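Reading through the structure tokens given below for one structure.
In what follows, chains carry the letters A, B, and so on, assigned in the order in which the sequence lines appear, proteins first and then strands, with residues in each chain numbered from 1. None of these values were measured; they are calculated from a predicted model.
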Protein chains: 2
Amino acid sequence: MGEEIRDPLTLEDVARAAGVSRATASRALTGSDTTSTPARQRVRAVAERMGYAPNPLARALAGGSGTRVVVAVAGPRPDVLEDPYMWRVLGATAAVCDGAGVGVSLQWLPLDAPASLGRLAADRSVRGVVLCNTTEPLLAAVPDVLRGRVASIGIGSAAVPSFDVDNASGAAAVVRHLHSSGRRHIAMLTGPSWLPCSWRSVEAYRSTVEAAGLPARILPGDFGFEDGRSGALEALHRWPDTDAIYAICDTVAFGAIVALRGLGVDVPDDVAVAGFDDVPAAAWAGPALTTATHPVSRIAAGAATAVLNEARVPSATWYPSELVLRESA
Amino acid sequence: MGEEIRDPLTLEDVARAAGVSRATASRALTGSDTTSTPARQRVRAVAERMGYAPNPLARALAGGSGTRVVVAVAGPRPDVLEDPYMWRVLGATAAVCDGAGVGVSLQWLPLDAPASLGRLAADRSVRGVVLCNTTEPLLAAVPDVLRGRVASIGIGSAAVPSFDVDNASGAAAVVRHLHSSGRRHIAMLTGPSWLPCSWRSVEAYRSTVEAAGLPARILPGDFGFEDGRSGALEALHRWPDTDAIYAICDTVAFGAIVALRGLGVDVPDDVAVAGFDDVPAAAWAGPALTTATHPVSRIAAGAATAVLNEARVPSATWYPSELVLRESA
DNA sequence: GTGAAAGCGCTAACAT
DNA sequence: ATGTTAGCGCTTTCAC
């Protein structure tokens, strides 16, 4: 195995080398309190030169701040964690937190047990919380002590800033494209009804089709491939004249395409299919999927940054979604 | 916002309620040292009843153990972190660590700077390290102080236990299937040459085709869709009689299929294509992809568990890969 | 503005 | 087997 590791420097070492007390060194480094300019500069220079890195643990214990940011995913069952989307959120959160020596955790938040947020709040090892799939009851149950160090990917509240894709305009753009390319019977395959952040897409769909004088045809489901499959079948059964399907996400769109193919229905000639997310596979599929972008990593990074820095942020931050025209619609 | 949070209990509270000293309470709870059976049971019962949860920070600071497990991904450039596979590893690691109040981090390990492992080892906030895409030089640079709390997803060493899919037998099974279904000119699209864990697949491919008296045709590449595309083109150009392509992973296989389709080559009638990983999209693609399973989450969970518990584990743990027959081969 | 001292909550020597 | 005493490395009163 490799070279010897020298014992990590402590604040004491830096303070001594700079000829000040540990307290002053701490103040100089954190900027938490006033220090004379020369002292501050000297301490900082010494710390830099020695390659001092504060121990995040000691900092957190003394400051009462915690060393991990928890990505808490609401849902009816723990399997909401078995989701590539959540892993991606976790990865982006980890990237942001790593610089501060802060780790991340992934936890299931039972929809019917908002009290579990209390556990998170009481856990001194928790630095902050990024909520996913947030619902109103959950938002209402966010403890006061979490204020400033909680953010939501999804809906927010006065106390919980939200970060999300602007799915309203993304959905509207997709539906308008469907309409402008001649489709007149557009069905939407949507997500689970308990999930508020999918409501915005539905509302955008509804108002867009209605503005165009078209009927609104909405089928609830979930975010899986099978949901797309059964949803498409159901749509064609209920409304045989359907000539376009807008799916809440790309995975559902893939399911719809496979179901249509199985029926001998051509995509896009007979029925156009569009999704949402622009996952990598959307570009590879045959036919390549028309969809709208979903900057998941940027959204998660935004939420994580707000939580980590306890920054005052706008109560809602919307990330733009862009239409991606391909072959399926 | 929600209810009031009462101050978290400390070990002191539990000790007092159980009528013992803090030290004894600590020993009873951790099992680190001998305690009389009645005292131990009393302390545990009291802790349970009061709902006491130890503060992982204080534990780590006092015990010198760290509060995060770092998933360190080796590679030539930092973009190795922009990979769904790594996010998945991170998710599985997080699931294992969460129970202990331990977070996870994701970091890039530059191939040419094995010294950065020293930084990880010196960082007191690091509980342990899960290495990914490990290479020999990196393995050689693992500091002694990490012994027992480091594991590798990929190749290992005497000091670093490895956890990986049994890609040798997985690859052999795929190639044997190709052969037994009549293919006689099987090319392999492999991964980057610096990555040891892809060598095993290549070796399995080579020995399997050679045992069957077939030529070995190997094209190096990377794990991306574009690599599959260009690789398939190159294979057909170099060896026009190619009747099967075995790709190092499903993403590469998808690229190969798209390239072949573009050439008017039918899959699987003209050229069979098989992958490795069995990602969800493999089942959805048209044609559905023949591949072999890769239990990433289980592998990562195994590595993370070993690191977290500093358990003595076998120097190598192989997770079986199973052939999944679909349409593409 | 700066230092001394008191913790943060726990584990680990060291006594007994 | 158990209690006492030091720390772990830092932040933060509290004096000066």
When you measure from the side-chain N and O atoms of A:Y52 to the phosphate of D:dC10, is any distance below 4.0 Å, counting only OP1 and OP2? yes

Applying a 4.0 Å non-hydrogen cut-off, can you work out what A:A60 is touching in the nucleic acid: base, sugar-phosphate, or nothing? nothing

Are any of A:S26's side-chain N or O atoms less than 4.0 Å away from OP1 or OP2 of D:dT11? yes

Under the 3.5 angstrom rule, does the side chain of B:T305 hit a backbone N or O of B:A301 as a donor-acceptor pair? yes

Nearest-nucleotide comparison on DNA chain D, the residue closer to the 5′ end among B:R40 and A:L11: B:R40

Under 3.5 Å between N/O atoms: give me all the protein pairs with nucleotides 3-6 of chain D, atom names plus distance.
residue : atom : partner : partner atom : Å
D:dG3   : OP2  : B:S21   : N            : 2.8
D:dG3   : OP2  : B:S21   : OG           : 3.1
D:dG3   : OP2  : B:T24   : OG1          : 2.7
D:dG3   : N7   : B:R27   : NH2          : 2.8
D:dG3   : O6   : B:R27   : NH1          : 3.4

Salt bridge check: are A:R22 and A:D13 linked by an N-O gap of less than 4.0 Å? no

Work out which heavy atom in A:I155 is nearest to a heavy atom in A:T135; give both atom names and the distance. CD1-C, 3.8 Å

Quick note, A:S32 side chain, CB onward, closest among C:dT11, C:dA12, D:dT12 is D:dT12

Using a strict threshold of under 4.0 Å (side-chain N to carboxylate O), is an ion pair present between A:R68 and A:D123? yes

What is the distance from CG of B:L57 to C1' of C:dT11, rounded to the nearest Å? 14 Å

Nucleotide nearest B:N55 (side chain, heavy atoms from C-beta), chosen from C:dT2, C:dG9, D:dC10: C:dG9

Shortest non-hydrogen contact from B:V43 to B:L29? CG1-CD1, 3.8 Å

Calculate, to the nearest 0.5 Å, the distance between atoms CG and CG belonging to A:L120 and A:L146 respectively. 7.5 Å

Heavy-atom nearest nucleotide on DNA chain D for B:L61 versus B:A39: which residue maps closer to 5'? B:A39

Partner of B:R44 by side chain to side chain contact (heavy atoms under 4.5 Å, CB included), out of B:R40, B:E48, B:Q41: B:R40

Just compare D:dA1, D:dG9, C:dG9 and give me whichever is closest to any side-chain atom of B:S36. D:dA1

A:R124 side chain near C:dG9 phosphate (N/O to OP1/OP2, under 4.0 Å): yes

Within this structure, what is the CZ-to-P distance between B:R16 and D:dT2, rounded to whole angstrom? 19 Å

Winner on side-chain proximity to A:R59, out of D:dT11, C:dG1, D:dG9, is D:dT11

